[in-house]
**Student:** 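Take a look at the following structure, please.
All values below come from the heavy atoms of this structure, side chains included, with hydrogens, waters and symmetry mates left out.
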Amino acid sequence: MQPEDLSTNRRRHLLKAVAASATLLVTGCAVSTGARPRAVVVGGGWGGLGAVRGLLAGGGVDVTLIEPNEAFMSCPLSAHYIAGHQPASDFQRSYARIDQLGARRVRERVTEIDRVKREVVTATQRLPYDFLVLSLGVDYMEEGIQGYAAARAQLPVGFRAFEQLAVRQQVDEFLVKGGNFVISAPKPPYRCPPAPYERAFLIAEQMKQRGTKGKIILIDANPNPMPPPIAQPILNGMKSLYASQIEYLPDTAITGVDMGKRQLATSSGDVPFAHANLVLPMRAPALIRQAGLGERWAAVKLPSFQSQVDDSIYVVGDSQGTPLPKSGHVAFGSGQQVAESILERVAGKLPAPASGAVDLPLGICWANVTHKEAININVSASVVPGQAPKLKFTVDPQHNERSGAGAVSWGNGMWKAMLG
């Protein structure tokens with residue numbers, strides 16, 4: 001299935017899904033004066049790029065992308081880089097195509113959202129908006145592990161773009177020197193739930209190939225790999241391929257870290273380590289709280305992804321607080337959907353009330369067990385407005401080469417849809 005086709009059903013239902021009471025345009029929108037409406041997108045990751053590409057394709061809107069990084073680096077599939085199987089360049093792309101299509105790109109960080117004036121504030125300017133799309137990603141809850149903040153530079157998490165480089169340095173050193181390499185998985189919700197297990201698998205594969213002396217200690221705050229539908233194929237891969245390389249400690253919480261002793265305090269006792277990749281509990285970045293859009297996660301309405309407190313603001317990707325998987329594919333799909341909604345509002349089309357369940361962005365995910373074999377995870381979701389969404393998982397029962405090849409094809413297709 002091509003990325004462009006994934007939202008076909010969603011598009012058919014979208015206009016019926018947003019409440020009929022939604023305003024046609026934001027109060028004070030520049031459209032009323034004859035000017036083109038201004039859409040500002042904050043965040044050049046999967047969700048932000050989905051919104052930008054959709055807005056640019058529709059036309060009639062001035063689009064500004066605010067993203068501090070000069071280039072894009074994919075978090076999905078980057079475990080192959082972290083484990084040393086592929087170069088970083090395989091997962092990096094230029095934003096040149098976004099520039100060519102006519103978006104204004106601002107390389108700064110947003111420090112404040114002024115909802116009263118409808119302005120996004122950076123260190124050097126205030127950017128007015130009629131529609132604001134936030135695709136902010138995640139932040140780490142460092143306070144959950146005593147001593148982590150002081151050890152941050154030595155214990156990179158690597159769940160945000162370009163942080164993977166620091167984790168790769170840790171892995172390279174471990175593969176040469178050996179010892180105990182700790183990887184942790186927090187309680188959900190967090191970005192890409194299969195990722196900690198995938199990292200452990202791909203590093204363990206390198207251990208076998210290089211003859212590294214030591215082991216990976218996978219400390220899981222959950223009783224089984226998460227989410228539950230993937231637990232059995234993940235455990236099967238662990239036992240069948242890496243029984244000698246991975247020690248799995250489920251239902252174990254990390255409470256503290258002592259870098260001097262190279263030791264972790266856990267609910268199951270102290271664990272010594274030579275290297276560690278602690279995947280911390282996550283939340284939306286502080287900008288969500290500054291703008292009054294939510295606490296741990298942004299509060300949004302489904303299926304529109306509009307803020308519950310401000311209809312001019314949409315929140316997509318991993319910082320929105322719904323049961324949808326925090327994955328790149330869902331982020332891209334929700335960005336596309338929001339772009340369609342904005343364009344419909346600009347065109348003056350009021351949606352009709354939904355008469356039943358509405359499809360939400362599809363989730364497609366891959367958990368590699370080896371460099372060539374993966375587990376395919378598909379999540380379909382629907383919602384009756386005002387009710388909780390319903391999710392359905394379809395998961396490979398066993399890792400296989402077909403899904404491994406499918407992951408590569410999927411990644412290339414998605415990167416082309418975003419930046420090609």
Side-chain angles (χ1 to χ4, degrees), residues 79 82-83 138-159 167 170-171 173-175 177-208 212-283 296 326 367 369 375:
I82 288 172
V138 297
D139 202 356
Y140 305 132
M141 300 173 71
E142 296 183 353
E143 66 276 12
I145 298 178
Q146 185 177 3
Y148 180 85
R152 180 188 305 119
Q154 298 166 281
L155 297 171
V157 180
F159 269 58
V167 181
Q170 299 280 327
V171 173
E173 186 173 339
F174 163 70
L175 291 173
K177 295 183 178 180
N180 287 350
F181 190 110
V182 171
I183 298 176
S184 67
K187 288 187 177 295
Y190 62 94
R191 169 175 276 179
C192 191
Y197 315 105
E198 180 182 52
R199 289 186 182 186
F201 288 152
L202 295 182
I203 297 169
E205 183 181 21
Q206 289 280 43
M207 290 177 66
K208 293 175 70 173
T212 300
K213 305 296 184 182
K215 63 181 176 180
I216 296 170
I217 302 176
L218 181 51
I219 300 178
D220 196 339
N222 306 285
N224 285 293
M226 295 296 290
I230 75 167
Q232 199 55 54
I234 291 290
L235 292 172
N236 288 343
M238 201 180 300
K239 294 175 182 178
S240 64
L241 296 176
Y242 305 118
S244 299
Q245 287 76 32
I246 298 177
E247 179 182 348
Y248 183 51
L249 300 180
D251 213 11
T252 301
I254 298 174
T255 57
V257 56
D258 186 329
M259 287 304 298
K261 295 180 179 180
R262 292 269 171 174
Q263 185 169 281
L264 296 171
T266 81
S267 58
S268 300
D270 293 338
V271 176
F273 67 92
H275 299 88
N277 178 207
L278 304 186
V279 180
L280 302 181
M282 300 179 193
R283 62 187 166 206
R296 182 174 179 182
K326 296 189 181 298
V369 176
I375 300 164

**Student:** Looking at every non-hydrogen atom in both residues, tell me the closest pair between P186 and V279 and how far apart they are.
**Tutor:** CD-O, 3.3 Å
**Student:** Between CD of E205 and OH of Y242, what distance do you get to the nearest 0.5 Å?
**Tutor:**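 Reported value, rounded in 0.5 Å steps: 4.5 Å.
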**Student:** For residues A200 and L218, report the shortest heavy-atom separation together with the two atoms involved.
**Tutor:**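 Heavy atoms of A200 and L218 come nearest at CB-CD2, 4.3 Å.
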**Student:** Kindly determine whether V257 and Q146 satisfy side chain to side chain contact (heavy atoms under 4.5 Å, CB included), including the steps that lead there.
**Tutor:** CA-CA 6 Å; V257 56; Q146 185 177 3; over 6 Å; no
**Student:** How close do V369 and I375 get, counting heavy atoms only, and between which atoms?
**Tutor:** CG2-CD1, 3.8 Å
**Student:** With distance as the sole test, does N277 use its side chain to make a donor-acceptor pair with the main-chain N or O of L155 at under 3.5 Å?
**Tutor:**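 No, N277 side chain to L155 backbone: no donor-acceptor pair under 3.5 Å.
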**Student:** Could you state the interatomic distance from CD1 (I254) to OG (S268), rounded to the nearest 0.5 Å?
**Tutor:** 10.5 Å
**Student:** Just by modelled atom types, is the P250 backbone N or O under 3.5 Å from a matching donor or acceptor in the T252 side chain?
**Tutor:** yes
**Student:** Under 3.5 Å, side chain of R296 to main-chain N/O of M282, donor-acceptor pair present?
**Tutor:**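 Judged by distance alone, yes, a pair lies under 3.5 Å.
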**Student:** Has the side chain of Q206 got a donor or acceptor atom that lies under 3.5 Å from a matching backbone atom of A83?
**Tutor:**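 A pair under 3.5 Å: yes.
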**Student:** Quick one: CE on M207 to CD on Q245, what's the gap to the nearest 0.5 Å?
**Tutor:** 5.5 Å
**Student:** So V171 and I82, side chain to side chain contact (heavy atoms under 4.5 Å, CB included) or not? Walk me through it.
**Tutor:** CA-CA 7 Å; V171 173; I82 288 172; 4.0 Å; yes
**Student:** Any side-chain to backbone donor/acceptor pair from Y248 onto D220? Under 3.5 Å, distance only.
**Tutor:**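 No, Y248 side chain to D220 backbone: no donor-acceptor pair under 3.5 Å.
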**Student:** Going by heavy atoms in the side chains, are F181 and L175 under 4.5 Å from each other?
**Tutor:**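 Side chain of F181 against side chain of L175, heavy atoms only: no contact under 4.5 Å found.
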**Student:** How far apart are the closest heavy atoms of A274 and G178, and which atoms are they?
**Tutor:** CB-O, 4.1 Å
**Student:** Distance check, rounded to the nearest 0.5 Å: Y148 atom OH versus L280 atom CG?
**Tutor:** 5.0 Å
**Student:** Examine distances only and state if a side-chain atom of K187 and a backbone atom of A253 form a donor-acceptor pair shorter than 3.5 Å.
**Tutor:** no
**Student:** Does Y197 use its side chain to pair, donor to acceptor, with the backbone of A231 at less than 3.5 Å?
**Tutor:**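 No; judged by distance alone, with no hydrogens or angles, the pair does not exist.
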**Student:** Taking all heavy atoms of P189 and all of K326, pick out the closest pair and write down the distance.
**Tutor:**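 So the minimum-distance heavy-atom pair works out to CB-CE, 3.8 Å.
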**Student:** Restricting to non-hydrogen atoms, name the atom on G237 and the atom on F201 that form the minimum distance, rounded to 0.1 Å.
**Tutor:**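 It is C-CE2, 4.1 Å.
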**Student:** Take the angle between the ring planes of H275 and F174 and call it parallel below 30°, perpendicular above 60°, tilted in between.
**Tutor:** perpendicular
**Student:** Please check if the number of heavy atoms outside K177 that lie under 6.0 Å from its NZ is greater than 12.
**Tutor:**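 Open.
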**Student:** For a 4.5 angstrom cut-off between non-hydrogen side-chain atoms, does V182 reach I219?
**Tutor:** yes
**Student:** Does some side-chain heavy atom of I183 sit less than 4.5 Å from a side-chain heavy atom of I203?
**Tutor:**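 A side-chain contact exists here, since the closest heavy-atom pair is under 4.5 Å.
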**Student:** Between the main-chain N or O of F159 and the side-chain N or O of R191, is there a donor-acceptor pair closer than 3.5 Å?
**Tutor:** yes
**Student:** Using atom types as modelled and distance alone, determine if a side-chain donor or acceptor of N222 lies under 3.5 Å from a backbone N or O of N224.
**Tutor:** no
**Student:** If you measure from CE on M238 to CD1 on I246, what distance do you get to the nearest 0.5 Å?
**Tutor:** 5.5 Å
**Student:** So how far is it from M259 CE to F273 CZ, rounded to the nearest 0.5 Å?
**Tutor:** 4.5 Å
